[in-house]
Amino acid sequence: MGKTAGNRDWAQIYAIYGIEQWQTLVFLLFHAFFFSLLSVLFLIYFDQICFFLDSFFLSGAARLAAGFTGAVTALSAVCLLFAAANFLYSDVPLQYEMAQRMVNSVGDWSSVTTALDLGCGRGILLNAVATQLKKTGSSGRVVGLDRSKRTTLSTLRTAKLEGVQEYVTCREGDVRTLPFGDNYFDVVVSSVFVHTVGKEHGQKSVEAAAERMRVLGEIVRVVKPGGLCVVWDLLHVPEYVRRLQELKMEDIRVSERVTAFMAASHIVSFRKPSELVAGPREVRLDWRC
């Protein structure tokens, strides 16, 4: 299947992490096959279909209706196949590549003693951070936080397979109220997770937006002054940037657009200043939203 950066085989990576979005992938492939079959039937039995439609349409309109329907069916099959391919690529290869980009954006890992992966999931980003800590000879550790205890146990298994289990700790917790003290981590990272917070209210609802802003506030709270945060997420990055600007974060950077899971995504990184001056002679110490 070819080699990735670092000469790792994709088959090995898939064997460790599996396919998380397999239900969506099966759904898309099933419907792509169905529409492909339907378009082939339209092509084979085009004259018979036109004859049948003659009783419903004016003279000559039946062939136009049949041709249009067949074209839409074929186009639907192509779009569904493209969506399935994008989901398959986004599920492991893209997440693996973006994890390497996020890790590389931090720069010096040798001085990092504590790092947090928010919404660690299968551990692709978590293990990339742990691997970097191992390479630099750091004595630091990375904590993976997830809402599900079952997920954290699975993540520890992938860390063991990657040979970085001694650098990894996983725990269950609520990302809206992080179970860590203020100014605790040197680095905080998160990969395609923050947009899922509050989704039970609807992605475009005010309640969901408030939940996401609360998570951002928690990220800022637990990172040390001068610490770096790197977040890769879908859809809502512009609102994250606006909130980070309101919180007076430093060195806010946004990457180019990357299509992931058929949606726009960006990496946003920022640094927490030593102290936040919110106005004339006023220092804001409460980072919570």
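In what follows, every heavy atom counts, from backbone to side chain, and hydrogens, waters and symmetry copies are set aside.
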statement: Minimal heavy-atom distance between S190 and L118, with the atoms involved, is OG-O, 2.9 Å

- prompt: Is E211 salt-bridged to R176, cutoff N-O under 4.0 Å?
  reply: yes

query: Mind checking whether F34 and L28 sit in one hydrophobic cluster, side chains of I, L, V, M, F, W, Y counted as touching below 4.5 Å?
result: yes

- prompt: Of V194, D146, L145, which meets side-chain contact (heavy atoms from CB on, under 4.5 Å) against V175?
  reply: L145

Atom CZ of F46: over 12 foreign heavy atoms under 6.0 Å: yes

- line: Smallest heavy-atom separation, G181 atom then R221 atom, equals C-NH1, 3.6 Å

Smallest separation among heavy atoms of S36 and A77, with atom names: OG-CB, 3.3 Å

query: Are E256 and R101 ion-paired here, with the side-chain N under 4.0 Å from a carboxylate O?
result: yes

- request: For R257 and H266, run side-chain contact (heavy atoms from CB on, under 4.5 Å): C-alpha distance rounded to whole Å, both residues' side-chain angles, the deciding distance at 0.1 Å, then the answer.
  value: CA-CA 5 Å; R257 169 178 169 157; H266 300 268; 3.4 Å; yes

query: If every non-hydrogen atom of T73 is compared with every non-hydrogen atom of S39, which pair is closest and at what distance?
result: CG2-N, 3.6 Å

- prompt: Above 12 or not: heavy atoms from other molecules or residues under 6.0 Å from CZ of F261?
  reply: yes

message: Could you tell me if the side chain of F27 sits less than 4.5 Å from the side chain of Q23, heavy atoms only?
response: no

statement: The salt bridge (charged side-chain N to carboxylate O under 4.0 Å, His left out) partner of D186 among K272, R271, K224, R141 is K224

task: May I ask you to decide whether E246 forms a salt bridge with R243, counting only side-chain N to carboxylate O separations under 4.0 Å?
output: yes

query: Has F42 got more than 12 heavy atoms of other residues, nucleotides or ligands less than 6.0 Å from its CZ?
result: yes

